K.L.:
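So that we are looking at the same thing, I have put the structure below in structure tokens.
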Protein chains: 2
Amino acid sequence: MPAAIAALRANGLRVSTARRVVLEALFAAGGPATAEQLASGLDGRAPQSDLASMYRNLDTFEQLGLVRHVHFGHGAGRYVLSARSHGGYVACARCGAFDELEDGALDALRRAVRAHTSYEVGFTHFPVVGLCAGCVASDASRA
Amino acid sequence: MPAAIAALRANGLRVSTARRVVLEALFAAGGPATAEQLASGLDGRAPQSDLASMYRNLDTFEQLGLVRHVHFGHGAGRYVLSARSHGGYVACARCGAFDELEDGALDALRRAVRAHTSYEVGFTHFPVVGLCAGCVASDASRA
DNA sequence: ATACTTGCAAATGATTTGCCAGTGT
DNA sequence: ACACTGGCAAATCATTTGCAAGTAT
């Protein structure tokens with residue numbers, strides 16, 4: 001966390017209370033959380049804050065490379081501390097469950113894409129979507 | 001296209017003019033198009049129609065398995081005739097370019113995910129996102 | 001002191017929903 | 001005839017933006 005503060009200073013950005021709160025909330029969340037969850041205080045685990053400012057600051061931190069966000073299916077995007085989440089995610093299109101991909105899986109995926117296309121994919125911005133083991137059984141609808 | 005009409009009938013749904021227009025537009029689009037593009041008539045290549053009804057009918061066709069939609073980065077989702085697009089897509093997070101994944105690539109990806117997780121991914125609902133060859137050079141921002 | 005930030009309200013973009021008139025079957 | 005649909009307006013969700021007041025530096 002002091003690293004994040006340093007990053008702000010290093011970029012001439014101010015270390016405001018609101019920004020400290022954003023970091024605190026992301027830290028407390030421990031995993032991908034929506035801007036709304038973070039701003040509403042994570043059920044008391046972090047101080048509440050303004051949603052618009054939350055978005056603005058998440059974006060600021062994202063540009064500094066400290067935060068990233070992923071979209072699990074439809075609905076709100078989820079933000080995480082980059083330090084807490086190196087790889088990509090697999091998300092279930094049905095129930096919303098998700099897990100981080102291990103480095104091995106990530107490498108295998110990147111290699112597969114590179115072998116067949118001219119794209120260099122990261123799986124770091126958007127997750128790999130499919131059905132989790134539990135939902136495979138009850139197949140049917142949309143994403 | 002007559003297959004789509006038959007599918008409607010088979011499910012007790014009505015074959016209305018609006019629904020024919022949706023199919024016509026999807027057909028004319030030839031690839032993933034937004035609901036707005038489809039409803040506005042694709043620059044004259046299809047009749048214009050109501051946006052809300054377009055969404056409703058795209059959803060209806062999606063439930064019948066005739067249409068599917070993908071999200072290339074942020075912004076509006078794009079709809080395609082399932083018959084025209086079997087596999088998944090690779091999309092560029094930077095410039096919005098996208099290409100279909102060949103079956104080989106798709107299989108390799110599915111295998112990789114299956115080997116490392118308990119998920120059964122399709123890549124058919126959401127695309128694989130990364131940077132296209134052109135954008136790899138100028139790296140930097142968000143998704 | 002001054003420019004960067006905040007917080008709140010209002011705007012935007014995408015998609016959905018309510019409702020009643022219209023129309024396939 | 002009757003239930004399913006279409007069209008239009010209004011609502012909703014996620015996110016962004018305008019602005020005046022507040023505060024790091």
Side-chain angles (χ1 to χ4, degrees), chain A residues 4-25 32-41 46-64 67-79 96 125-126 141-143, chain B residues 4-25 32-41 46-64 67-79 96 125-126 141-143:
Chain A
I5 303 292
L8 285 173
R9 294 227 149 84
N11 287 74
L13 296 169
R14 294 182 183 175
V15 181
S16 64
T17 306
R19 288 193 176 137
R20 287 174 187 283
V21 170
V22 172
L23 293 173
E24 196 179 330
T34 64
E36 174 143 41
Q37 296 175 321
L38 295 167
S40 63
Q48 294 187 205
S49 48
D50 180 65
L51 184 56
S53 298
M54 176 57 70
Y55 273 111
R56 262 186 304 231
N57 286 323
L58 284 171
D59 187 63
T60 297
F61 287 126
E62 197 157 26
Q63 295 193 54
L64 294 179
V67 164
R68 69 197 192 86
H69 76 270
V70 275
H71 296 278
F72 299 134
H74 292 161
R78 287 162 179 278
Y79 300 76
H125 293 336
F126 285 78
S141 26
R142 96 190 38 76
Chain B
I5 303 293
L8 284 174
R9 292 228 151 83
N11 287 73
L13 296 170
R14 294 182 182 175
V15 181
S16 63
T17 306
R19 288 190 176 140
R20 287 173 187 285
V21 170
V22 171
L23 293 172
E24 195 180 330
T34 64
E36 173 143 42
Q37 296 175 322
L38 295 167
S40 65
Q48 294 186 206
S49 47
D50 180 65
L51 185 54
S53 299
M54 176 57 70
Y55 273 111
R56 262 187 301 232
N57 287 322
L58 284 172
D59 187 63
T60 296
F61 287 126
E62 198 156 26
Q63 296 192 55
L64 293 179
V67 164
R68 69 195 191 87
H69 76 270
V70 275
H71 295 279
F72 299 134
H74 293 160
R78 286 162 179 280
Y79 300 77
H125 292 335
F126 284 77
S141 24
R142 95 188 38 73

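We name chains A, B, ... by the order of the sequence lines, and we start the count at 1 in each one. The structure presented is a predicted model; accordingly, all values stated were derived computationally and were not measured.
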K.L.:
Identify the heavy atoms of L38(A) and S49(A) that sit nearest to each other, and give their distance.
P.N.:
O-OG, 4.3 Å
K.L.:
Expressed in angstrom and rounded to an integer, what is the separation of N57(B) atom CG from dT15(C) atom C1'?
P.N.:
14 Å
K.L.:
What is the separation between atom CD on E36(B) and atom P on dG13(C), rounded to the nearest whole Å?
P.N.:
10 Å
K.L.:
Output yes when a side-chain donor or acceptor of N11(B) lies under 3.5 Å from a complementary backbone atom of L13(B), and no otherwise.
P.N.:
no
K.L.:
CG of L58(A) to OH of Y55(A): how many Å apart, nearest 0.5 Å?
P.N.:
8.5 Å
K.L.:
Between which nucleotides of DNA chain D, read 5' to 3', does contact with chain B run, using atoms under 4.0 Å from its heavy atoms?
P.N.:
dA3(D) to dA9(D)
K.L.:
If every non-hydrogen atom of N57(A) is compared with every non-hydrogen atom of A18(A), which pair is closest and at what distance?
P.N.:
ND2-CB, 4.1 Å
K.L.:
Pick the nucleotide of DNA chain D nearest each of L13(B) and A76(A); which residue has the one closer to the 5' end?
P.N.:
L13(B)
K.L.:
Which value, rounded to the nearest 0.5 Å, describes the distance between R56(B) atom CZ and T60(B) atom OG1?
P.N.:
9.0 Å
K.L.:
Quick one: R20(A) CZ to dT6(C) C1', roughly how many Å, whole number?
P.N.:
15 Å
K.L.:
Give, ordered by number, those residues of residues 46-56 of chain A having at least one heavy-atom distance below 4.0 Å to an atom of DNA chain D; if nothing qualifies, reply none.
P.N.:
L51(A), A52(A), Y55(A), R56(A)
K.L.:
Find the distance between CZ (R19(A)) and CD1 (I5(A)) and round it off to the nearest 0.5 Å.
P.N.:
10.0 Å
K.L.:
Would you indicate what R78(A) reaches in the nucleic acid, counting non-hydrogen atoms under 4.0 angstrom: base, sugar-phosphate, or nothing?
P.N.:
nothing
K.L.:
Can you tell me how far P of dC4(C) sits from CZ of R9(A), to the nearest Å?
P.N.:
16 Å
K.L.:
Find the distance between NE2 (H71(B)) and NE2 (H74(A)) and round it off to the nearest 0.5 Å.
P.N.:
3.0 Å
K.L.:
Please report the closest heavy-atom contact between E62(B) and Y79(B), naming both atoms and the distance.
P.N.:
OE1-CE2, 4.2 Å
K.L.:
Quick one: H74(A) NE2 to dT15(C) C1', roughly how many Å, whole number?
P.N.:
10 Å
K.L.:
Using the closest heavy atom to pick a nucleotide of DNA chain C for each, name whichever of T17(B) or H71(B) lands nearer the 5' end.
P.N.:
H71(B)
K.L.:
Could you tell me which non-hydrogen atom of S40(A) sits nearest to which non-hydrogen atom of Q37(A), and how far apart they are?
P.N.:
OG-O, 3.1 Å
